[in-house]
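Just follow the structure's listing: the first ligand is 1, and inside any ligand the first atom is 1.
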Amino acid sequence: MKVIRSVKEMTATSRELRNAGKITALVPTMGYFHEGHLSLMDKARELADKVIVSLFVNPIQFGPTEDLATYPRDEKRDLSLAQMRGVDYMFIPTAGEMYGSGFQTSIEVSQLSKGLCGASRPGHFRGVATVVAKLFNITRPHKAIFGQKDFQQLLVIKRMVKDLNMDVEIISHPIVREPDGLAMSSRNTYLSFEERKSALSLHSALKLAEHMIESGQNNSGIVAGKIEEHIEAHPHTKIDYVFIGDPDTLEPVNEIKAPVVIALAVFVGSTRLIDNAVVYP
Ligand code: PAF
C-alpha cells in the first residue's frame with residue numbers, strides 16, 4: 001500500500017492509473033476506521049482494480065462550535081487496517097495541501113442541503129460537496145463508495161455529480177451496525193457507558209416506526225410522535241430532528257403512501273448521532 005500526502009503526486013498517480021486502463025474506486029473518509037469504513041473498502045476492492053482511500057478531516061465541513069479539534073484520529077491504526085483490507089493507495093493530505101492560500105471556491109447543492117442536518121449544521125454540506133469534488137478531481141476515480149448512514153450526504157453528492165456532469169459512478173453501501181443495533185460511527189467513541197445505552201434508542205425507534213408503517217399506520221405525524229416519545233424516554237437524549245419524507249427529494253411527507261426515509265439526529269450527552277431507515281408501507 002502506498003501512502004501519498006501531496007496533491008501533485010496523487011494527481012500524477014491517478015493519471016498513470018487511468019492511462020494504464022485501470023478501473024479505480026475511491027473511498028473518501030475522515031479516518032478513525034471502524035467496520036463501516038472497512039466494508040466500503042471491501043466493496044471498492046470488489047468493484048475496481050485499484051482502491052484509493054482518502055483520509056482527511058475536512059475543516060470546512062465543521063461549524064465553529066463543532067468537534068474539529070477533538071475529532072478522533074489514529075493514522076497508524078488506520079494505515080494498518082487499510083493495508084489489511086487490500087487498499088492500494090492512501091491519500092492523506094494536510095489542510096494546507098488541500099486549501100492553499102487564497103482558496104475561495106465552493107460548491108452548494110442548494111435544495112437538498114437545506115433541511116435535516118443542513119438546518120442544524122449551516123455550511124456543512126457546502127464543505128462536504130467542495131471537498132468531495134476536489135477529491136474526485138485529484139483522484140479521478142471511476143467509482144466512489146459512500147455509506148447510507150449519511151443519507152443526506154449521499155443525496156447531495158449524487159446531485160452534485162449529476163448537475164456538474166462529473167464522470168464518476170456513486171455507489172451507496174448499507175449502514176453497518178454493532179451487534180446491538182447502534183450504527184457504527186467514529187463519534188461513538190465519545191459516548192460514556194450510560195450514554196451508549198441511550199444511543200440504542202435511535203435504532204429501536206426506527207424499528208418501532210418501521211413496524212407501525214408496515215402495520216398500516218400512514219400518518220407521518222403519529223409515527224414521528226411515537227419516535228420522539230420513545231427516544232425521549234431514554235436519559236441524556238435531546239432530539240435535533242425526526243424527519244419522515246421522500247427518499248429522493250427529502251420533501252416531508254404527511255400521508256405515507258410510498259417508501260419514505262425516516263432520518264434522525266439526536267444528541268446523546270454532547271454527542272450528535274444520526275441514523276436512518278428507508279421504510280416501505
Ligand atoms: O462522510 C465523511 O466521512 C465525510 O463527510 C467525507 C465524505 C469523507 C467528506 O469529508
Side-chain angles (χ1 to χ4, degrees), residues 4 7 10 25-41 43-44 51-63 66-75 77-78 81-82 85 87 89-99 103 105-109 112-113 116-118 120-139 141 143-161 164 166 168-176 183-190 263 265 271-276:
I4 299 181
V7 168
M10 189 69 246
L26 171 70
V27 180
T29 80
M30 298 206 301
Y32 210 70
F33 297 155
H34 49 66
E35 204 47 45
H37 296 111
L38 302 178
S39 73
L40 302 180
M41 295 175 205
K43 186 78 199 163
V51 176
I52 306 168
V53 172
S54 62
L55 190 173
F56 179 57
V57 183
N58 174 33
I60 66 166
Q61 70 185 72
F62 288 77
E66 292 182 354
D67 56 344
L68 173 63
T70 54
Y71 194 82
R73 291 162 169 92
D74 191 343
E75 188 185 299
R77 179 175 158 273
D78 287 349
L81 288 171
R85 295 311 248 251
V87 170
Y89 299 94
M90 284 286 299
F91 176 47
I92 316 184
T94 59
E97 185 69 9
M98 287 295 271
Y99 303 112
F103 183 87
T105 306
S106 58
I107 295 183
E108 179 106 38
V109 181
L112 282 170
S113 299
L116 292 82
C117 291
S120 25
R121 305 185 68 189
H124 170 67
F125 289 114
R126 190 186 317 121
V128 170
T130 303
V131 80
V132 171
K134 282 172 69 69
L135 290 169
F136 286 172
N137 285 336
I138 297 165
T139 62
K143 299 160 198 283
I145 330 285
F146 291 85
Q148 281 164 11
K149 185 167 86 66
D150 295 290
F151 193 86
Q152 187 176 13
Q153 167 171 286
L154 184 61
L155 292 187
V156 165
I157 303 294
K158 282 185 176 168
R159 189 74 243 172
M160 171 184 80
V161 164
L164 299 182
M166 292 177 167
V168 53
E169 184 189 352
I170 302 301
I171 290 158
S172 64
H173 195 66
I175 299 176
V176 179
M184 289 199 185
S185 163
S186 305
R187 289 188 169 103
N188 289 350
T189 51
Y190 297 150
T271 307
R272 186 175 177 280
L273 299 177
I274 56 172
D275 202 346
N276 70 79

Inset, instruction - Under 4.0 Å, heavy atoms only, figure out whether ligand 1 is touched by the backbone of Ile157, its side chain, both or neither. - result: neither
Inset, instruction - Report yes or no: do Tyr71 and Asn58 form a side-chain donor-acceptor pair below 3.5 Å? - result: no
Inset, instruction - For side-chain contact (heavy atoms from CB on, under 4.5 Å), just list the numbers for Met90 and Ile4, CA-CA rounded to whole Å, side-chain angles, deciding distance to a tenth of an Å, and then say yes or no. - result: CA-CA 6 Å; Met90 284 286 299; Ile4 299 181; over 6 Å; no
Legend entry - salt_bridge(Arg187, Asp67) N-O dist < 4.0 Å: yes
Any idea which protein heavy atom is nearest [atom], and the distance to it?
{"atom": "atom 9 (C) of ligand 1", "value": "Gln61 OE1, 3.3 Å"}
{"atom": "atom 1 (O) of ligand 1", "value": "Gln153 NE2, 2.9 Å"}
{"atom": "atom 3 (O) of ligand 1", "value": "Met30 CG, 3.6 Å"}

Legend entry - Pro28: numbered ligand 1 atoms lying under 4.0 Å from its heavy atoms: 8 (C)
Inset, instruction - Mark up the atoms of ligand 1 that fall under 4.0 Å of a heavy atom belonging to Val131, in ascending order. - result: 9 (C), 10 (O)
Legend entry - Six-ring centre of Phe33, Arg85 cation under 6.0 angstrom, axis tolerance 45°: no
Inset, instruction - Would you confirm whether Asp78, through its side chain, and Leu55, through its main-chain N or O, come within 3.5 Å as a donor-acceptor pair? - result: no
